[in-house]
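Below is one structure, written out as structure tokens; the observations come after it.
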Amino acid sequence: MYPYLDRNHHELQADVRRFAIESIAPVARELDETARFPWENVRAMAERGWFGVPVPRELSGMGRDYLSYALVLEELAKHDASHSITVSAHTTLATSPILAFGTDEQKARFVPLLASGQVLGGFGLTEPGAGSDASGTTTRAVPVKGGYTITGSKIFITHGGVGEIYVVTAVTDPDGGHHGITSFVVCKPTVDRAEARRVGVGHRPELPYSAGVSAGAKEDKLGWRASDTRELHFQEAWVGEDQRLGEEGLGFVNFMKTLDAGRIGIAALSLGIAQGAFDEAVRYTTRRRQFNRPVWDFQDIHFGLAELATEIQAARHLVYHAAWLNDHGRPVTKEAAMAKLTAATLAAKAARTAVQFLGGAGYTSDHPVERMMRDAKACEIGEGTSEIQKTVIARQLHRELNP
Ligand code: CAA
């Protein structure tokens, strides 16, 4: 898509597209039905470098730009959003804060294992009392000799079970409001050690596991069912001072910055669902015949698809532009929120429209559009609800109008 994509982007896009068609599409339905985590494909994606797309080569990443990363998420999500969120949560929520705010020692210790996909990472922010109001964190980190003990609970944590390295927020100064929140890198062994042994990725015993960290039961979700979402509990879990990420009190602002870039990832994932649903609808409506002609010939159908194609194109411009801004070190808070708001809303609309255009067939699991409809809903909730995106956009507009 001129002017954003060069030859390298197109080649990566083609590689991911091929992999998604050959290795994801055939298993997506079964993974969704059984809510099984796709360990085999995790290993295959790790071998291809896709758990470290925007990470520098010297830290075992692919050394590619953020736009490349967005393309990977989009292509994966065309066939299965669970694969896409697995790469996205790992990369933007676990690896990127360590890259952005970690010391050289922390980067060398944790990033290569994450970027090469040797272990999976997660982000421990949301709590029972701290969702959209992210500053409502009550998980506590108490300074002790040589480090901190962390006590509290996080909910809806992607990779809470299968992962090993987490960036976790906790209150170090209870009177400090959002300035009293600090981030830590916390490790625990994967709950799937047998699977990790079988596929050869997912567990690295040399990590500094903290006793007192445990994962809850896997959530039974409406969509993104093959991704691993759980609670994460901390019971006086000790972490060394060298696992504090950034200065005390900077946790909130740092995760706001992390979420800015993360939202471009979810926007790309949403775009992938929208495109995937659209492709299914075109395929079906051009073949399916009713009243002696393809249903495509009915104006309601081809007008509907023309509208969707236009909206997908518009969303793609927003998503790639936000990634481009991020790659060029420009402010991205507003544009990332706009991209996510637009693409997530569109994913839900495109999947719903596809189900409608497929009729009875679309309502069965014989076609992926019903799964896409369930998967798309998560895009309007995860990494900031659509209402939060509007709040972020409005606040930025206010700032621009009142400098
Ligand atoms: N970049 C840098 N700094 C930022 C910032 C940004 N984007 N946004 C806010 N800040 C700073 C402000 O400048 C301010 O700093 P000072 O106090 O030093 O001046 C501080 O952060 C507090 O800002 P606000 O007063 O705006 O904070 P708030 O409490 O009103 O909250 C909010 C703002 C936008 C609502 C925020 O809480 C938010 O984004 N909430 C949504 C949380 C979210 O997205 N959760 C998803 C979790 S991850 C997930 O969901 C994973 C998954 O599904 C897979």
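Just so it is clear, the structure is predicted and the values come from calculations on it, not from any experiment.
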Requested in this report: State, without any angle test, whether E127 and T139 hold a side-chain donor-acceptor pair at a distance under 3.5 Å.
Outcome: yes
Query - Any donor-acceptor N/O pair, R283 side chain to T285 backbone, under 3.5 Å - result: no
Requested in this report: Determine whether S270 and K340 make a side-chain contact, defined as any pair of heavy atoms from C-beta on separated by less than 4.5 Å.
Outcome: no
Report summary line: Shortest non-hydrogen pair, C187 vs P208, comes out as CB-O, 3.6 Å
Query - Interatomic spacing from CG in L125 to CZ in F255 - rounded to 0.5 Å - result: 4.5 Å
Report task. Check the pair E164, Y209 against side chain to side chain donor-acceptor pair (under 3.5 Å), reporting the backbone distance first and the verdict last. Result -> CA-CA 8 Å; E164 299 219 326; Y209 299 132; 2.7 Å; yes
Query raised in the report: What distance do T103 atom OG1 and R244 atom CZ have between them, rounded to the nearest 0.5 Å?
Result: 10.0 Å
Query raised in the report: Would you say the side chains of T169 and K154 form a donor-acceptor pair under 3.5 Å?
Result: yes
Query raised in the report: Does atom NZ of K377 have more than 12 heavy-atom neighbours, drawn from other residues, nucleotides or ligands, at distances under 6.0 Å?
Result: no
Query raised in the report: Side-chain donor-acceptor pair under 3.5 Å between Q235 and H233, yes or no?
Result: no
Report task. Tell me, with the steps shown, if D220 and R225 meet side-chain contact (heavy atoms from CB on, under 4.5 Å). Result -> CA-CA 7 Å; D220 187 11; R225 286 178 56 77; 2.8 Å; yes
Query raised in the report: Can you tell which of T86, D32, D375 makes a side-chain contact (heavy atoms from CB on, under 4.5 Å) with D80?
Result: D375
